[in-house]
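So the structure is just underneath, and the comments pick up after that.
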Amino acid sequence: MRVHEFQAREMLANAGVQVPSGGVAVTVDEAVTAATHIFSSGNSIAVVKAQVHAGGRGKAGFVKVCKNIEEVRTAATFMLSNRMTSPQTPPEGLEVRRLLVAAGVDIQKEFYVAVLTDRATRRNMLIASAEGGVEIEHVAETRPEAILKQPLDSQLGLHPYMARKMAFELGFKGKAIAQATDALLKLAKVFVEKDATMAEINPLVLTMPDAKNTDGRVMAIDAKFTFDDNALFRHPAVAALFDAQEENPAEIKANEFGLSYVALDGSIGCLVNGAGLAMSTMDIIKLHGGEPANFLDVGGSASEEAVTEAFRIIISDSRVKGILVNIFGGIMQCDRIARAIISAAKTVGFQVPLVVRLEGTNVVEARKLLEAAKKEIPMMQTASDLTDAAMKIIAATK
Ligand code: GDP
Ligand code: MN
């Protein structure tokens with residue numbers, strides 16, 4: 001589960017990390033009010049930031065550093081009336097419903113720091129770079145040696161000596177070393193305590209020195225957290241931050257019916273039972289030159305109604321040019337799927353080719369049902385096995 005930047009910043013602030021203050025606004029007027037507070041409490045800059053579940057906002061023009069109220073008004077108006085598109089959004093972009101208006105800081109240097117679960121080494125890992133900011137993806141691609149890594153202790157998390165070593169390697173000097181060490185330790189602590197899968201601060205900044213802070217201050221000015229869905233039951237306060245409006249509506253709908261659905265970019269919709277079979281179905285589609293439009297596991301005990309809903313979700317995706325049904329009936333009975341196909345054909349209607357491969361419990365009855373319904377569902381073909389099914393749906397959609 002993802003949360004918004006303002007929510008992640010609040011968690012960091014609660015953990016003791018230095019975060020510039022700010023307020024959330026849903027209208028231009030609210031943004032102006034928030035900025036007025038910021039300017040009147042002695043800050044010379046206010047930053048207006050779109051709150052969407054995607055990064056790359058800076059380059060897209062959805063993070064604006066403003067020097068006066070007029071600039072805030074212009075930035076807020078622009079962000080609330082345009083969709084944001086970045087390499088991390090769907091092509092049609094995202095609607096911006098909320099803004100964060102935060103006190104701006106004078107930046108001396110930007111760093112990247114994150115704690116995440118590293119699957120390759122099967123450890124939680126602190127990742128950091130002295131070249132943080134909006135170009136971090138480019139740095140990671142072209143100069144991987146500029147990305148520093150420190151595995152966390154599996155029992156004790158990030159030790160103070162590890163954090164201090166990282167602060168030195170990142171090049172912090174003077175009083176900023178202790179501040180950076182402290183920020184890293186607190187970030188790692190939040191990550192572990194809240195069962196996050198990623199806790200990223202990009203950028204963690206060193207501010208310009210001032211009279212009070214002669215070595216500058218270390219502050220988090222952007223934060224992106226994701227949490228382990230399977231651990232949310234332990235964190236009701238985190239679970240409460242779920243924002244359905246930021247999620248794919250099809251995925252939400254699927255969830256209501258107990259279906260596991262993940263939208264992908266291809267053109268072949270898949271309806272499968274069991275996560276393993278769903279994965280291998282996607283593999284075999286790719287093997288034969290197709291691209292899956294989704295991962296959809298109807299599970300073992302989905303009702304006819306839920307399976308009909310699954311078809312509805314697949315069909316509602318305009319990218320879907322064909323549907324492959326691959327069911328191995330164990331607990332799921334094939335005739336239930338057959339009935340759902342027939343019912344979906346009646347209530348939803350199939351405009352695209354459909355290939356059905358059924359095997360297992362009640363398959364004979366299922367085949368009879370489909371055979372009898374063939375006239376009503378002319379775009380349906382049956383397949384004898386998985387390879388046959390993949391080849392047929394790819395041929396039908398090419
Ligand atoms: P992202 O592009 O979605 O990751 O949004 P960020 O919040 O990271 O902001 C993008 C960039 O805007 C940062 O890397 C900074 O260079 C700049 N920026 C953000 N906040 C401030 C600020 O308070 N002061 C200054 N000077 N620049 C800022
Ligand atoms: Mn950022």
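Keep in mind the model is a prediction, meaning the values are calculated, not measured. Just follow the structure's listing: the first ligand is 1, and inside any ligand the first atom is 1.
A cation-pi contact, defined as under 6.0 Å to the ring centre and within 45° of the axis, links K64 to F78.
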Inset, instruction - Evaluate the criterion salt bridge (charged side-chain N to carboxylate O under 4.0 Å, His left out) for residue pair E371 and K368; output intermediate values, then yes/no. - result: CA-CA 5 Å; E371 198 52 46; K368 273 189 205 149; over 6 Å; no

Inset, instruction - With side-chain contact (heavy atoms from CB on, under 4.5 Å) as the test, would you mind laying out the steps for F311 and L354 before giving the verdict? - result: CA-CA 11 Å; F311 278 113; L354 172 71; 4.3 Å; yes

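Grouping the Ile, Leu, Val, Met, Phe, Trp and Tyr side chains by contacts below 4.5 angstrom, directly or via other members, places F168 with L152. Under the 4.5 Å side-chain heavy-atom criterion for grouping Ile, Leu, Val, Met, Phe, Trp and Tyr, L324 is not connected to I315 through any hydrophobic cluster. The cluster map of Ile, Leu, Val, Met, Phe, Trp and Tyr, joined by side-chain heavy atoms under 4.5 Å apart, puts M282 and F328 in different clusters. Under the 4.5 Å side-chain heavy-atom criterion for ILVMFWY residues, a single connected hydrophobic cluster contains both L12 and V115.
For ligand 1, the atoms sitting less than 4.0 Å from at least one non-hydrogen atom of P203 are 8 (O), 14 (O), numbered in the order shown with element in parentheses. Atoms of ligand 1 found under 4.0 Å from any heavy atom of D222, numbered from 1 in the order shown, are 1 (P), 4 (O), 5 (O), 6 (P), 7 (O), 8 (O). Those atoms of ligand 1 that come under 4.0 Å of a heavy atom in G104, given as number and element, are 23 (O). Atoms of ligand 1 found under 4.0 Å from any heavy atom of V65 (numbered from 1 in listed order, with element): 25 (C), 27 (N), 28 (C). Taking every heavy atom of V47 and a limit of under 4.0 angstrom, the matching atoms of ligand 1 come to 20 (N), 21 (C), 22 (C), 23 (O).
Within the 4.5 Å cutoff, side-chain heavy atoms of R57 are placed close to those of D222. Side-chain atoms of K59 and S86, non-hydrogen and from C-beta on, never get closer than 4.5 Å to each other. Annotation: side chain of Q150 is in contact with side chain of K165 (closest heavy-atom distance under 4.5 Å). Contact check for R83 versus E92: side-chain heavy atoms found under the 4.5 Å cut-off.
Closest of all the heavy-atom pairs between Q88 and G55 is OE1-N, 2.8 Å.
In terms of polar-atom proximity, defined here as any N/O pair under 3.5 Å, N202 does make such a contact with ligand 1. In terms of polar-atom proximity, E5 is not counted as a contact of ligand 1, lacking any N or O under 3.5 Å from an N or O of the ligand. Backbone and side-chain nitrogen or oxygen atoms of G58 are examined, and one is located within less than 3.5 angstrom of a nitrogen or oxygen of ligand 1.
The protein non-hydrogen atom at the shortest distance from atom 12 (O) of ligand 1 is V63 CG1, 3.8 Å. Scanning all protein heavy atoms for the shortest distance to atom 24 (N) of ligand 1 gives V105 O, 2.8 Å. In terms of protein heavy atoms, atom 3 (O) of ligand 1 is closest to R57 NE, 2.7 Å. Closest to atom 10 (C) of ligand 1 among all protein heavy atoms lies V134 CG1, 3.7 Å. Ranking the protein heavy atoms by distance from atom 20 (N) of ligand 1 puts I221 CD1, 3.3 Å first. The nearest heavy-atom contact from the protein to atom 15 (C) of ligand 1 is E110 OE2, 3.2 Å. Looking at atom 7 (O) of ligand 1, its nearest protein heavy atom turns out to be K49 NZ, 2.6 Å. Ranking protein heavy atoms by distance to atom 27 (N) of ligand 1, first place goes to I107 CD1, 3.4 Å.
Residues satisfying the side-chain hydrogen bond (donor to acceptor under 3.5 Å, both in side chains) criterion with E30, sequence neighbours excluded, are absent altogether.
Protein-derived N/O/S atoms nearer than 2.8 Å to the Mn ion (ligand 2) total 2, waters excluded.
Ring orientation note: the planes of F6 and H4 are close to parallel, at an angle under 30° on the 30°/60° scale.
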